[in-house]
Amino acid sequence: MSDLADSIEEMQLGIGEELLRHARAMHADPKVPDREFRYLSRRLAEALGDALRIARN
């Protein structure tokens, strides 16, 4: 069970890192539509929630 939890945590952290890279690229592009920032904001909030859950356990 511990190996499964470690695997899931690694996947969640990887998703967070990918979202962060994407967010940085979007911030560098002044033509990105607001709706894309809102979508990214929701995904980043989910990733942060996952990271906080991991840190607490």
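None of the values given here were measured: they were computed from a predicted structure.
Closest non-hydrogen pair, Leu44 versus Leu20, comes out as CD2-N, 4.2 Å. Across every non-hydrogen atom of Ala47 and Gly16, the tightest pair is CB-CA, 3.8 Å.
Note: Met26 CE to Leu40 CG = 5.0 Å, rounded to the nearest 0.5 Å.
A salt bridge (Lys or Arg N to Asp or Glu O under 4.0 Å) check over residues 12-26, counting only residues at least two apart or in different chains, returns nothing. Applying the salt bridge (Lys or Arg N to Asp or Glu O under 4.0 Å) test to pairs two or more places apart or on separate chains, those with a residue in residues 38-57 are Arg43-Glu46, Asp50-Arg53.
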Donor-acceptor contacts under 3.5 Å from residues 3-11 side chains, at least two apart:
none

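Atom CZ of Phe37 has more than 12 neighbouring heavy atoms from other residues, nucleotides or ligands inside a 6.0 Å radius.
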